[in-house]
Amino acid sequence: MDDLYDEFGNFIGEPEGDSQEEEEAGAYSGAQYLDDDEAEADTAPTGQELMEIDEDGPSNAVVLHEDKQYYPTAQQTYGPGVETLVQEEDTQTLQQPIVAPVEHKKFTIEEEEGELPPVCFDRGFLSDLMSFPEGIRNIALCGHLHHGKTSFLDTLVRQTHDVSKLMEGKTGKARDELMRYTDTHLLERERGLSIKSSPMTLVLPGTNGKSQLLNVLDTPGHVNFADEVAAAMRLVDGIVLVVDVVEGVQTQTELVIKHAVLSGLPLVLLINKMDRLILELKLPPTDAYFKLKHVVEEVNTHIENVIPGRGEKFRVSPEKGNVCFSCSSMDWCITLPSFAKLYAESYPNAQFDSGEFGKRLWGDIFFNPRSRKFTRKAVEEGAKRSFVHFVLEPIYKLYSHTISESPEDLKKTLEGLGIHLKPSQLKSNAKELLRLACEQFFGPASGFVDMVIQHVPSPVEGAKQKLGNYYTGPTDTQTAKAMQECDSDGPLIVHVTKLFNTQDAQSFNSFGRVLSGTARPGQKVRVLGENYSIDDEEDMVNATISSVSIAESRYSVPVSGIPAGNFVLLGGVDSSIFKTATIVAPKLPEDEEAYIFRPIAHFFESVFKVAVEPINPSELPKMLDGLRKINKTYPLITTKVEESGEHVVLGTGELYMDCVLHDLRRMYAQMEIKVSDPVTRFCETIVDQSAIKCYAITPNKKNKLTFVAEPLDDGIAEDIESGKVDIRDPARKVGKFFEENYGYDLLASRNIWAFGPDDRGPNILQNDTLPSDVDAKVLRNVRDGIKQGFSWASREGPLCEEPIRNVKFKITDVELAQEAISRGGAQIIPTARRACYSSFLMAGPRLMEPMYSCTMLGPANAVSSLYTVLSRRRGHVLSDAPVPGTPLYSVKGLIPVIDSFGFETDLRIHTQGAVTLSLVFDRWSVVPGDPLDKSVKLRPLEPAGAQATARDFVLKTRRRKGLSEDVGVGKFLEGELVRQLRETGVLDGGV
């Protein structure tokens, strides 16, 4: 009987002989097995088996609760071939349908599908013009926030497109609002500013009536989105600099001027919002002239500051014809030649040369009304500057008459000027009436077209600048020649710098410029990524172009091919592109090697950091896919995984990060995510030379590496990062650069092994060993291992695993094992890293933090608020000055990025929203205090003192990353060396 129960006292059944009868009766809830004949006759279960009486009585076997079966299963009821789904009760709300309809999500504003908006030119004519690169101009509209770039492009769109549908049903304020045709992102519409650059291809006539093809890129004005401007500048041949006549040159305008001049891109100036001089500032015409002159001189001063003594080539001036005056809200735009032509057409019997007349309409040239002559000085009484007399006064009169006169009087006045308005139009509101009058008086923007055609090079001339500045391959090959000539029959080369998401945000189209050949749908191509080189062909993917279109912001025009010299929107090639790419034909002429265009050098770095994670951990793959898409669409965004496993997103500023996280939540991942408090990137540096020669021995005790660290000379890090010196160049060329610019001796300059952590990293690894002490051949064998160890060390410094900056590591001695197996990478790489760390920590380590340059524009009474708010955040003011001709003040200062979170909101609260603020990364600055000073005591919730800031940052960063708080040099130095240093008193006992 003992066998009937287990050790816990549970009944486990009768012996085998007794249970045989029960098995025959059937143990499946009392169900009886049918005979074979009966089973064949009635295969489908009826459910009656469960109800039959078990004559043999119940089984004594223990049946668990979850194994009991009271009702037939779905398979027994419906048969084995039927799929059944069980839905638990109440898991779906009543509002949620069981079978939901297919929903097509739309994240961008587009024209109605299948219907291209009507235009005033033939689209076949547009595609034909693309085959004549001499008549094409590729330009970007660049400038500061709210200076009128998008609204000026609206003027050109209204001139070429029938926009009556967009205005249909709109009245009052909604009708007065700007159209903003190129703002297609939903956030752009809500916030009233551009976030992405948008392309438009337009056919516009010049003053002589000849049609020209303009490929225009509208760029964002907010400094946080300067990465979009940098991507746009790579594709164009000239910049149209849009400047608000009241505000003048602001932060973004300065950045554009600097990088356009350094890239060799010609500039033309568009002075916008001319109506503010009349309606807002109410300046008399003479004062308005001086305000305009000041804006022009301000632009020229910034050009001259970029390249002292060589700014004449880029100088802008109305008499040169490269300055345009416009009012985008009233749809008018003039240059001096176009206004002179307007006079010539108005007075056909006058018989004068409009070109010569236009040259006399600017500067210190006066018109004497009695003698009707131009002189350098005012000779007669009542003589005025020619610009004031012939340009400003007529505009002022047109505005004042239109606004002040009754409809009856205004009709007579305007008809005298050849402006004919309907009675209903004469009764419109003041803004609409002004726009209609100006539209007829000034006509289309033909003066702007002439200016661009004259001062911006065609794609054929611009291709030389692109190849010289950005192409990594030789310029004497057949492929390079085809690019220089914009040969539409040559091999296909497309430089892609931007990815635009489709309307449902599920995929991307690649936007770039065709430099050679013709892009056609169905073409097989090679997509070369940013890391592609002849030696390393890993970053290359074969693809097929699925579609080729002309990009028009709200719609695209599918075409059968786009020849060289034009912008192109390609479908089907985006899968391997992250930031930029070079698309080439599968085979180049004479089997030449394929080379890429350099990645974009942005205006500044991403230093604003947040960590993200999904609220539901199971949705992590979905979030990672969203982060990949974010990486594609924002040029300067960086995503990485920290050692602690957290996913970090790096951007340029608060607004930028807000837009990125909105797109991640709503468009790409479509899920809720948790976001950490914002922090910033740090860098690690040194202020002294290593106190001793620091050595590290490999784990097998057979190799010894000795390093010394010292700070780099001022300017070297910036030169490396800007690409003035490239480590991939021959050693002789690199050595010559350091010899000529920084006074390195020949031996030292030729022995620079690497920059770190990558080829454009701001650190140097230099071989300082003597051939007499170290066998050069053996050293060459471990060179790659030492370089990898140096790269690893400079990527993650010893203080808080942040990148090292501005440090030169010198290899002073190397002892290596004779057997190659004893000096492999596993031995050398971690040892080189440890030697770098120990030499770094013995050289006065310091922490560096990024600084924002802040520029405030506002009324005079707001200046004191900026001083107050800045002083609370470790910032300081550099300069403050009034903006000439306006009641505004411009104040410039510096603020640490880590203290800038919420700064703009704080300042606006203090000034009741009267100021605008621009924060842009300016420099890396050493944080006050010693990060290794263990005497500093940090108490919870108590702000650190000025000299304890570095220690505070290091400890908090290490805690956030899950690292130990001990940062002593003893962790990296050899034990024997630590003992010697403690005995001599160089190290204290706690290190």
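- Considering V268, N215, V456, L217 as possible partners of I139, the one that fulfils the side-chain contact (heavy atoms from CB on, under 4.5 Å) test is V456.
- Looking only at distances, a side-chain donor or acceptor of K579 sits under 3.5 Å from a matching main-chain atom of Y634.
- Atom OG of S197 and atom CG of D227 lie 9.0 Å apart (nearest 0.5 Å).
- A donor atom on one side chain and an acceptor atom on the other are not found under 3.5 Å apart for K196 and T184.
- In this structure a side-chain-to-backbone donor-acceptor pair under 3.5 Å is present from Y742 to G715.
- For the atom pair F567 CZ and L235 CG, the distance stands at 5.5 Å (nearest 0.5 Å).
- No cation-pi contact links K498 to F508, judged by a cut-off of 6.0 Å to the six-membered ring centre and 45° from its axis.
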Begin from the C-alpha positions of F790 and W753 and carry the test side chain to side chain contact (heavy atoms under 4.5 Å, CB included) through to its verdict. CA-CA 10 Å; F790 156 74; W753 275 7; over 6 Å; no
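- Looking at E228, its side chain never comes within 3.5 Å of a backbone N or O of P635 through a donor-acceptor pair.
- To the nearest 0.5 angstrom, L492 atom CG is 8.0 Å from T518 atom OG1.
- Inter-residue side-chain proximity for I630 and Y668 is flagged as met; some heavy-atom pair is nearer than 4.5 Å.
- Counting heavy atoms from C-beta on, the side chains of Y595 and I534 come closer than 4.5 Å.
- Closest non-hydrogen pair, N322 versus R315, comes out as ND2-O, 3.2 Å.
- For the pair N631 (side chain) and T638 (backbone), a donor-acceptor distance under 3.5 Å is absent.
- Within a 6.0 Å sphere centred on CG of D536, heavy atoms belonging to other residues, nucleotides or ligands number more than 12.
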With side-chain hydrogen bond (donor to acceptor under 3.5 Å, both in side chains) as the criterion, how do S198 and D218 come out once you've worked through the C-alpha distance, each side chain's angles and the decisive distance to 0.1 Å? CA-CA 5 Å; S198 301; D218 175 32; 5.3 Å; no
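- K609 is listed as a side-chain neighbour of L650, based on a closest heavy-atom distance under 4.5 Å.
- The existence of a salt bridge linking E718 and R923 is excluded, since no basic side-chain nitrogen approaches an acidic carboxylate oxygen closer than 4.0 Å.
- You'll find the side chain of M483 reaches within 4.5 Å of the side chain of Y471, heavy atoms only.
- In the displayed structure, K320 atom NZ is contacted under 6.0 Å by more than 12 heavy atoms of other residues, nucleotides or ligands.
- In this structure the side chain of K787 reaches within 4.5 angstrom of the side chain of L765, judged on heavy atoms.
- A side-chain contact (heavy atoms from CB on, under 4.5 Å) with F597 is found for exactly one of T580, L528, L515, namely L515.
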Report the C-alpha distance between H302 and T253 in whole Å, list the side-chain angles of each, state the deciding distance to 0.1 Å, and finish with yes or no for side chain to side chain contact (heavy atoms under 4.5 Å, CB included). CA-CA 10 Å; H302 279 92; T253 322; over 6 Å; no
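- In this structure, L499 and T633 have side chains that are not in contact, with every pair of non-hydrogen atoms separated by 4.5 Å or more.
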Side chain to side chain contact (heavy atoms under 4.5 Å, CB included) between W924 and V607: does it pass, once the steps are laid out? CA-CA 10 Å; W924 289 97; V607 291; 4.2 Å; yes
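- The backbone N or O of S263 sits less than 3.5 Å from a side-chain atom of N469, completing a donor-acceptor pair.
- Classification of the F225-Y656 ring pair by plane angle, with boundaries at 30° and 60°, yields tilted.
- Between R513 and D237, at least one side-chain nitrogen of the basic residue sits less than 4.0 Å from a carboxylate oxygen of the acidic one, meeting the salt-bridge criterion.
- Counting all heavy atoms, side chain and backbone alike, V316 lies closest to L267 at CG1-O, 3.8 Å.
- Between the OG atom in S546 and the CD atom in Q523 there is a gap of 12.0 Å [rounded to 0.5 Å].
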Determine all donor-acceptor pairs shorter than 3.5 Å in which one atom belongs to a side chain in residues 726-740; sequence neighbours excluded.
| from | atom 1 | to | atom 2 | distance (Å) |
| --- | --- | --- | --- | --- |
| D726 | OD1 | R728 | N | 3.0 |
| D726 | OD1 | R728 | NE | 3.4 |

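- T652 contributes a side-chain N or O that, together with a main-chain N or O of N224, makes up a donor-acceptor pair within less than 3.5 Å.
- The closest donor-acceptor contact from the side chain of N272 to the backbone of H147 lies under 3.5 Å.
- Here the CZ-CD1 distance, from R760 to I720, works out to 11.0 Å after rounding to the nearest 0.5 Å.
- For the pair L193/I195, a side-chain contact is recorded, criterion being any heavy-atom separation below 4.5 Å from C-beta on.
- Contact between V514 and A519 at its shortest, heavy atoms only, is CG2-CB, 4.4 Å.
- Between the N763 side chain and the F755 main chain, no donor and acceptor come within less than 3.5 Å of each other.
- Between F608 and Y852 there is a side-chain heavy-atom pair separated by less than 4.5 Å.
- Panel note: side chain Q484, backbone V460; no donor-acceptor pair is recorded below 3.5 Å.
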From CA spacing to verdict: side chain to side chain contact (heavy atoms under 4.5 Å, CB included), Y744, I752: CA-CA 11 Å; Y744 279 35; I752 292 173; 4.2 Å; yes
Kindly determine whether S194 and T150 satisfy side-chain hydrogen bond (donor to acceptor under 3.5 Å, both in side chains), including the steps that lead there. CA-CA 8 Å; S194 299; T150 305; 3.1 Å; yes
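- Among all heavy-atom pairs drawn from G651 and M657, the shortest one is N-CE, 3.2 Å.
- Nearest heavy atoms, I239 versus A260: CG1-CB, 4.0 Å.
- A donor-acceptor pair under 3.5 Å is absent between the side-chain atoms of S853 and the main chain of V920, judged by distance alone.
- Here OG1 of T497 is found 10.5 Å from CD1 of I577. Values are rounded to the nearest 0.5 Å.
- Partners of R234 according to the salt bridge (Lys or Arg N to Asp or Glu O under 4.0 Å) rule, which considers only residues two or more places apart in sequence or in another chain, do not exist here.
- Across A551 and P199, no two heavy atoms sit closer than the pair CB-CG, 3.5 Å.
- Pairs engaging residues 587-603 under the salt bridge (Lys or Arg N to Asp or Glu O under 4.0 Å) rule: K587-D591 [sequence neighbours left out].
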